[in-house]
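Below, chain A is the first sequence line, B the second, and so on; all start at residue 1. For the numbers below, each heavy atom of this structure counts, side chains included, while hydrogens, waters and symmetry mates do not.
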There are 2 protein chains.
Amino acid sequence: MMSQSADLEAVRSYHHGDLRRAILESTLEIIDKQGLEAVSLRAVARRLGVSEAAPYHHFSGKQELLAVLAADAYRSFGECLTTAVGSAADDPFARLNALARAYIEYGLESRGRYRLMFGNHMVDLGEYEEVQVAGRPTRAILESVIAGCVGSAKVDAAAIENISWSLCHGLTSLIGESEIVFDGGSGDGERLIEVGISILIAGIRAHLGLPAAS
Amino acid sequence: MMSQSADLEAVRSYHHGDLRRAILESTLEIIDKQGLEAVSLRAVARRLGVSEAAPYHHFSGKQELLAVLAADAYRSFGECLTTAVGSAADDPFARLNALARAYIEYGLESRGRYRLMFGNHMVDLGEYEEVQVAGRPTRAILESVIAGCVGSAKVDAAAIENISWSLCHGLTSLIGESEIVFDGGSGDGERLIEVGISILIAGIRAHLGLPAAS
DNA sequence: ATGGTATCTAAGCGGTGTTCAGATTGCAAG
DNA sequence: CTTGCAATCTGAACACCGCTTAGATACCAT
């Protein structure tokens with residue numbers, strides 16, 4: 001009997017057979033296809049042919065369900081960034097370039113997941129420790145990349161990290177959500193990303209007292 | 001009789017006496033005090049001692065109400081930015097500095113209004129012409145400031161505009177919403193703003209081929 | 001005074017998140 | 001194998017929400 005393995009929670013199969021997992025998958029599908037706002041516990045339950053109260057036996061509520069999915073998203077996001085940085089040239093700023101590109105591209109490709117992690121919705125993700133834990137390695141990548149750029153310079157590396165993060169987040173939001181105040185025919189997101197990262201890196205280099213060229 | 005002035009819509013006073021305006025004020029108060037998500041047409045109506053269906057005689061629905069308030073917010077936001085730029089030193093990058101500071105500070109002080117304009121909620125603000133019109137001058141400020149920085153250089157000014165906007169938006173979000181992935185004890189938002197703008201300006205200068213100092 | 005129009009109300013539709021008592025089922029111990 | 005516990009699921013309900021409709025009410029210009 002393989003019932004001993006508790007962490008292999010795929011075995012849970014009572015009346016429905018692996019609800020929880022089905023709920024997670026179904027909800028993620030809705031997030032990807034119809035967007036974050038379209039998620040509704042009742043609808044998910046209905047779609048799975050199960051009572052509308054059933055999900056509450058696997059999640060304390062909608063917030064927790066979304067928090068679990070957010071933690072998943074953080075993990076996959078982190079892996080994506082790690083891969084990108086790993087396959088970049090062996091140069092600190094080339095790594096930063098790859099990191100920023102990967103960040104923005106992930107955010108544009110997986111808008112729903114991205115908004116789940118960084119969007120402003122009712123959920124206080126920060127209150128779920130699982131989410132915090134899942135997000136920490138992602139942050140660590142950024143820290144190591146920036147540490148490489150900063151080298152032994154005496155500057156506030158954390159500030160540079162947050163600024164890099166901010167620019168990526170801002171660009172992703174601007175391109176992805178096409179906010180108002182976005183008229184200039186510069187609809188070319190690709191160029192925007194390129195120039196944005198270039199300006200970021202040039203700014204950091206200047207801030208560190210490094211010469212302009214690579 | 002002062003009934004001829006139609007644009008002075010404060011005179012509208014039937015059963016309740018200036019509902020519409022009361023709804024707008026009450027909703028704005030909720031946005032400021034309890035946040036955007038706490039807005040509910042029914043609650044507003046109840047709070048004003050009026051039927052829960054009454055608001056629908058002044059707004060086609062919740063979306064339109066929020067769109068009207070968003071347009072207001074854009075106007076006040078634009079005025080704030082204009083003032084800041086106007087009282088800055090007569091130098092292109094000093095103006096950009098003032099603009100960015102004013103942007104971020106407004107976003108941090110008026111989080112509710114800021115999220116109404118730039119947050120991700122159910123409302124498609126872009127579909128309301130009034131919002132577009134109200135946002136255009138705000139964009140124009142940015143355009144003129146960046147135009148001053150760019151001068152006669154042959155670069156894509158619109159891209160630089162959008163990147164500046166993105167960094168401001170990203171920083172505002174990061175500091176204001178304290179997203180996850182924000183552990184570094186660099187809780188000093190003031191320093192973050194300072195370094196952020198400094199890096200942005202240095203990056204733009206480098207992108208334009210200008211020397212580092214001012 | 002009268003008619004039209006703007007305004008407001010009451011009631012209702014369908015949707016949501018959530019809770020609760022009770023029915024059902026699987027599993028493990030006796 | 002039976003018994004009992006605990007996990008799982010259901011049906012009904014509560015309190016909200018946005019929105020619509022039919023009808024009552026009040027104002028204003030004629």
Might you list the N or O atoms of the protein lying below 3.5 Å from N or O atoms in nucleotides 13-17 of chain D, with each pair's distance?
unit_1	atom_1	unit_2	atom_2	d
dA13(D)	N6	Arg42(A)	NH2	3.4
dC17(D)	OP1	Ser40(B)	OG	2.9
dC17(D)	OP2	Arg46(B)	NH2	2.2
dC17(D)	O5'	Ser40(B)	OG	3.4

Contacts of [X] that satisfy side chain to side chain donor-acceptor pair (under 3.5 Å) - sequence neighbours left out:
X         : value
Thr83(A)  : none
Ser144(A) : none
Glu194(B) : none
Tyr114(B) : Tyr103(B), His169(B)

Item to complete: Side-chain contact test, heavy atoms from C-beta onward, threshold under 4.5 Å: evaluate it for Leu65(A) versus Val44(A) and give yes or no.
Response: no
Worksheet item: Taking only N and O in the side chain of His58(B), is any of them less than 4.0 Å away from OP1 or OP2 of dA6(C)?
Response: no
Side chains of residues 92-101 of chain B: which donor-acceptor pairs under 3.5 Å do they make with residues two or more places apart or in other chains?
unit_1	atom_1	unit_2	atom_2	d
Arg95(B)	NH1	Asp90(B)	OD1	3.2
Arg101(B)	NH2	Glu190(B)	OE1	3.2
Arg101(B)	NH2	Glu190(B)	OE2	2.4

Interatomic distance, [X] [atom1] vs [N] [atom2] [rounded to whole Å]:
X        : N       : atom1 : atom2 : answer
His57(A) : dA6(D)  : NE2   : P     : 16 Å
Leu48(B) : dT7(C)  : CG    : C1'   : 15 Å
Glu37(B) : dT16(C) : CD    : C1'   : 15 Å
Arg20(A) : dT8(D)  : CZ    : P     : 10 Å
Glu64(B) : dG18(D) : CD    : P     : 15 Å
Ile23(A) : dC9(D)  : CD1   : P     : 8 Å
Leu65(A) : dT16(C) : CG    : P     : 14 Å
Phe59(B) : dT20(D) : CZ    : C1'   : 18 Å

Discussion item. Taking the minimum atom-to-atom distance to the side chain of Val50(B), which one of dT20(D), dC8(C), dC9(D) wins?
Written reply: dC8(C)
Discussion item. Could you check whether Glu143(A) pairs with Arg136(A) (Lys NZ or Arg NE/NH1/NH2 to Asp/Glu carboxylate O, under 4.0 Å)?
Written reply: no
Worksheet item: Starting at the 5' end of DNA chain D and moving along, which residue's nearest nucleotide shows up first, Ser51(A) or Tyr56(B)?
Response: Ser51(A)
